[in-house]
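For reference, positions follow the sequence shown, starting with 1.
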Amino acid sequence: MLDDGNDRPECTGEVAAGPGSKDIFVQLVISFALGISAFVAFCILRPRWKSLYAARRRHSDPQIALPALPDSFLGWIPALYRVTEEQVLASAGLDAFVFLSFFKMSLRLFATMLFFAVAVLWPIHKTFDAGDTKIPGKPPTSAGLINSEYILGDSGRKDESWSYLWAYLVFTWFFSFLTIYFMNSETIKVIKIRQDYLGTQSTITDRTFRLTGIPKDIRSEEKIKEFVENLEIGHVRSVTLCRNWAEIDELMAQRLVILRKLEEAWSAYLAQQPAVASRVIGPGEVDDPTRENQNGDEESQENGRLLASDSLRNLTERQRPKVRLRFGFLRLQHRKIDALDYYEEKLRRLDEKIRDARAKEYTPTDTAFVTMNSIAACQMAVQATIDPRPGQLLSKPAPAPTDVIWKNTYAPRYKRRFQSWAITVFITFLSIIWLFPVASLAQLLSICTIEKLNPALGKTLISHEITRAFVQTGLPTLVVSLLNVLVPYLYDYLSNTQGMVSQGDVELSTISKNFFFIFFNIFVVYAVSGSAALADFWSIIRDSLSDTQTIAKKIAGSIQNLNNFYLNFIMLQGFGLFPFKLLQFGSISLYAIYRMGAKTPRDFAELVQPSLFNYGFYLPTALLVFILCLVYSILPGAHIVLLLGICYFALGYFVYKYQLLYSMDQPQHATGGAWSIICGRIIVGLVAFQVIMIAFLVLQTAFEKAACIVPLMVFTFWYNFYSRRRYTPLIRFIALRSIKRASDPGLESNPDRDPDQAEQQTRLARRMSTIDEDKEKGMKFVNPNLVTPLEQPWVYQDPPPLLYESSTDSNTGSVSGNNDSRTPVARNDSNGLGSVSSSISLGDTHIWRDNGEENV
C-alpha cells in the first residue's frame, strides 16, 4: 500500500532527508549529456566567435610568444597542451601559473594514489567485508548505515578478518605523507619560479612599499622622503602621500554618470531619421522628377551629381531629446527641457568644479606610497621593523598601481576594521542561514517527501527506476551546485566593501570566504548529519557533548552513506559544468540582455571586452574536490573517487588554461599569493581526512589503530606551523639574493654554473616574463582622479581624443626625488576603456635591460 510507504526504512531518519543511493549511472549519463553538448557547441562556435573565445589574444600584441590555435574542431587541444609554463608566465602572469600548478600537482598526486588504491586497497575491499564492500552505487545495508552485526561481530571473526584494518592505518599515514611531499615539492617549485620571475624584473611595484601609521608630525612628502633616506637603505625616487580625496572622487563619479547620460541623449538624437520636407509645387507645375534631365547634356548631369548635397536643404532638423526636471514643493512640478543642452551644461559645470578641486590641498592621511631607486632598497624596507612603537610606521608591500583602491587609502583605520569584522560576522551568519533553503530543497526532492505531498507522483517515480534515480540522486546534487553558484557573487561584493586597499587582497579574500562557505555547507554539515537536514546537525552536536562516540559514529556512517552524493557532485562539476565554463554559457546568455540595453558606442565597445577571470569563483570548488578525493582515498570505492578526481583536475586544467591564455582577462596582481591559501586548505583537508579515518576505525572498535593516527595529526599541525614560518616570507617578499642573480659573485647554490651562461639564461628568461613590466610601463602611484584627462562624450564610432590639461592645474600630492617630469597614471576604473589591453605582453620583443630605473 502507498500509505505504508512512509514506514519503509528508507523513509526514516537521515536517509529520507539525504540524497538517494541509486546507481551512479543515471548521473553519469546526465553529466556526459550536458558536457558533450556544451563541448560540441564550443568547438563549433570557437572559430566563428573569436571576439569572445579569443578576446584576450585579439587585444594582445601580435608578437606575443603565444601560439595561435587552429580553427579545426579538435586541433586546438594538442596545441593548447604544448603551451609551456614559460609561455603561461609570459602571457598570463604569476597568478595564472600558480593556479594551474595546483591542478597539475593534484593530477600527479591522485594518479599515484589511484595506483595504490587499485593495486592494494581494492583487493582488500574485495576480499574482506569492509562494512559496505559494494562499489558506490549499490544500496547500503539496513537503513544506509554500516551493518551493526559486522561492527559488533563475534570474536572469531574479529581475530581472523579484521586485520585488514591495519591497511587503513598504514595508508592513512602513507597518503598523508604523500600529500605533504607533493605539496612541499610544488611549494619549492612555485617559490623558485616566483623569485626568478620577480627578482629579474624591474617595475614600479617592485620598488615601492606602502607606509602606514605615519605620525602627524611627518605627514608631508618632503619629511617622509627625508625620514626614509635617513634610514640609509637607499635613495627615494618619489613619495605619494594619500590624502582625503573624497571630494574629487565624488565629483568624478558624478561626472561619469552625467557623461553616460549625455552619450545616451546623443545616441537617441542621432538614431532618429531626419524628416524630408515636401516641396511646394507652384500653380501649373507638374511634379515630374525626370523632366529636368530630359534636355540636359552630359555636363549638366555631372554637375547635378556633384551638387547632390543641395538636397539636404529639404531635410528638417531631428527632434531633440527632452529630459523631465522636477522642482517645487515635494518635487511635484516638472517641465521638459532640451536634454543635450542640459547635460552639456551640467558636464561643463562639473568640469570646472573638478579643475578647482584638483588645485586644492587636501588633508593628509597616515598612508603613503614610497618608491625607492632599487628593488633591494624596497625589500629591505618591507622586511624590516622601522619603528619601535606598536602600530607606527609599518611597511608593507605595495600593490600594483592598477590594483590600488584609492577610496580605501584615505578611509580611517577604525572604519576599515569595523567593516572587516562586520562583514566577517555577517558571512558566518549567512553560511549558517544558507543551510535552510538547501535543506528545504533537498527534502522536497526526496522520494518520501514527494510521496507525502503527491502520492500519485510518488508512486509513478517509484515504479520507474531511472526517474527515481534521477530525482533521488541527480537533482539534489544539481540543486546544491546551482545554489552555490550564486553565493560567490555575493561574497565578491562583500569583499569589495570590506575596506581593502588592493584588488589582489580582495581576490584572496574572496577565495577564503567562498571556500569557507562550500566547505562548511557541502562537507561539514553533510559529514556530521549525513544529509542536508539542519535539525539533525544540531541534535548530533548536542548529543556528542555527552557521548564522544556519537560524533565518531555519525561521521563514519555519514561519510559511507554520502559516497553517492559526492560522486555525483564531482561528476557534475567535472563532466557536466566544465564544458559550460569553456563555452562561457553565462556570458553568452547575458550578452543578449546587455546587447538590448546597449545604446551608446561606449556600451557597444564594452560588450566586446574580455570576460574577467575571478579566481575566487573557481578555486574554492577545486579545493573542495581535492579534499573529497583525499577523504575517500582509502574507503571502499576509493578507486572510483580517485579516477573521477583525476578526470576533474585534467578537464579543469585544460579549461582554465584556455580561458587564462586566450579568452578571459585577470587584471588582479596578487604575485602568486593564492598559493599560501591553497596550502592552508590542503592542510585542512588532511586534518579532515585523518579525523574521518579515526572515526571510521572507532566505529569498527579498532581503538588501538585509531589512536595511532593521533600522532599523525600532531605532525600535520607541526608541519603547517613549520611550513608557514619557512615558506611564507618567500611567497610574500622578494629575496635579496634573487634580485639580479646573474651579477651575484657567490654562486653558492650552483657553483658549477658558468656566470656568462647564467647571465644569458637570465636574459632569456626575462624575454618571457614581461607582462607586469609591460602593464606598469611609465606608471606612477597617483590617484587617477587627480590627473586623468577628462573624457569627452563618445558620440560616433571612434572614441574622442583625450583632452590633456596643464600639469600645473593638478595637485597629485607627490614629490619626486629626481627631475623626471613624466606623469603617466594607472587607470584602474572599470568604467573607462583605457585598460582594454591590460593583459598585453610584448613577449620575445621585450628584452630586460640592466638599467632597471629606465625600465619603468
Side-chain angles (χ1 to χ4, degrees), residues 35 37-62 64-85 87-100 103 485 488-489 492 507 574 577-595 604-619 621-622 650-669 771 774-775 830 833 835-841 843:
S37 60
F39 180 76
V40 171
F42 168 78
C43 293
I44 295 174
L45 297 176
R46 186 183 65 86
R48 293 170 173 81
W49 292 0
K50 291 190 176 181
S51 60
L52 174 64
Y53 297 119
R56 190 169 180 272
R57 181 171 176 80
R58 285 166 58 90
H59 289 84
S60 297
D61 192 277
I64 189 175
L66 192 64
L69 299 182
D71 294 337
S72 58
F73 191 80
L74 297 175
W76 59 275
I77 298 179
L80 180 65
Y81 175 78
R82 288 192 293 268
V83 176
T84 62
E85 293 181 346
Q87 291 173 317
V88 172
L89 278 171
S91 59
L94 196 59
D95 293 326
F97 170 79
V98 167
F99 181 75
L100 295 177
F103 282 79
V485 167
Y489 292 94
D492 181 67
E507 187 78 10
L577 297 185
F578 266 141
F580 276 91
K581 294 179 182 178
L582 188 64
L583 183 64
Q584 296 188 40
F585 183 76
S587 300
I588 295 176
S589 303
L590 295 177
Y591 178 82
I593 301 175
Y594 294 152
R595 179 64 177 79
F604 286 103
E606 291 175 350
L607 286 177
V608 297
Q609 298 306 305
S611 302
L612 296 182
F613 189 93
N614 196 323
Y615 294 97
F617 289 5
Y618 308 122
L619 184 57
T621 303
L651 291 173
Y653 176 77
F654 275 95
V655 170
Y656 292 138
K657 187 176 183 180
Y658 180 88
Q659 290 182 336
L660 288 168
L661 296 180
Y662 291 94
S663 64
M664 303 183 76
D665 199 5
Q666 56 279 351
Q668 294 81 11
H669 185 81
I771 182 173
D774 182 62
K775 288 195 300 184
S830 59
L833 295 176
S835 60
V836 170
S837 302
S838 63
S839 59
I840 289 179
S841 175

Practice prompt. Apply the test side-chain contact (heavy atoms from CB on, under 4.5 Å) to residues Ile77 and Leu80: give CA-CA distance (whole Å), side-chain angles for both, the deciding distance (0.1 Å), then the verdict.
Written response: CA-CA 5 Å; Ile77 298 179; Leu80 180 65; 5.8 Å; no

Practice prompt. Can you sort out the partners of Pro70 under side chain to side chain contact (heavy atoms under 4.5 Å, CB included), two or more places apart, ordered by chain and number?
Written response: Ser72, Ala79

Worksheet item: With side chains defined as the heavy atoms from C-beta onward, is the minimum distance between Lys50 and Asp71 less than 4.5 Å?
Response: yes

Item to complete: Would you sort out whether Arg46 and Leu69 count as a side-chain contact (heavy atoms from CB on, under 4.5 Å), showing the intermediate values?
Response: CA-CA 10 Å; Arg46 186 183 65 86; Leu69 299 182; 3.9 Å; yes

Response to the item:
Scanning both residues in full, the closest heavy-atom pair of Cys43 with Pro47 reads O-CD, 3.4 Å

Worksheet entry | Min side-chain heavy-atom separation Leu583-Tyr53 under 4.5 Å | yes

Item to complete: In sequence, state the C-alpha distance, the side-chain angles, and the governing distance for Ile588 and Leu52, and then conclude on side-chain contact (heavy atoms from CB on, under 4.5 Å).
Response: CA-CA 9 Å; Ile588 295 176; Leu52 174 64; 3.8 Å; yes

Worksheet item: Where do Tyr615 and Tyr656 land on the ring-ring contact (aromatic ring centres under 6.0 Å, His included) test, with the steps shown first?
Response: CA-CA 10 Å; Tyr615 294 97; Tyr656 292 138; 9.0 Å; no

Worksheet entry | Minimum heavy-atom distance Leu661-Val88, with the two atoms named | CD2-CA, 4.1 Å

Item to complete: Output every pair passing side-chain hydrogen bond (donor to acceptor under 3.5 Å, both in side chains) with a member in residues 584-593, not counting sequence neighbours, ordered by first then second residue.
Response: Gln584-Ser611, Gln584-Ser663, Ser587-Ser611

Item to complete: Step by step, work out the side chain to side chain donor-acceptor pair (under 3.5 Å) result for Lys657 and Tyr81.
Response: CA-CA 9 Å; Lys657 187 176 183 180; Tyr81 175 78; over 6 Å; no

Fill in: Nearest heavy-atom neighbours spanning Pro579 and Gly35
CB-O, 3.3 Å

Worksheet, complete the sentence: Closest non-hydrogen atoms of Leu612 and Met664, given as atom of the first, atom of the second and distance, are O-CE, 3.3 Å

Practice prompt. Identify, with sequence neighbours excluded, every residue that meets ring-ring contact (aromatic ring centres under 6.0 Å, His included) alongside Tyr658.
Written response: Phe42, Trp76, Tyr662

Discussion item. Donor-acceptor pair, distance only, cut-off 3.5 Å: does the side chain of Gln87 make one with the backbone of Thr84?
Written reply: yes

Worksheet item: Roughly how far, to the nearest 0.5 Å, is CG of Leu100 from CG of Asp95?
Response: 11.0 Å

Item to complete: Applying ring-ring contact (aromatic ring centres under 6.0 Å, His included), name anything that partners Phe585, two or more places apart in sequence or on another chain.
Response: Phe580

Worksheet item: Tell me, do Phe39 and Val655 make a side-chain contact under 4.5 Å, heavy atoms counted?
Response: no

Worksheet entry | Inter-residue atom distance Phe103.CZ - Leu619.CG, 0.5 Å rounding | 7.0 Å

Practice prompt. Carefully, step by step, assess Phe99 and Phe613 under the rule ring-ring contact (aromatic ring centres under 6.0 Å, His included).
Written response: CA-CA 12 Å; Phe99 181 75; Phe613 189 93; 5.6 Å; yes

Fill in: Test ring-ring contact (aromatic ring centres under 6.0 Å, His included) applied to Tyr489 - qualifying residues, sequence neighbours left out
Phe617

Worksheet item: How would you list, by chain and number, every residue that makes a ring-ring contact (aromatic ring centres under 6.0 Å, His included) with Tyr653, sequence neighbours excluded?
Response: none

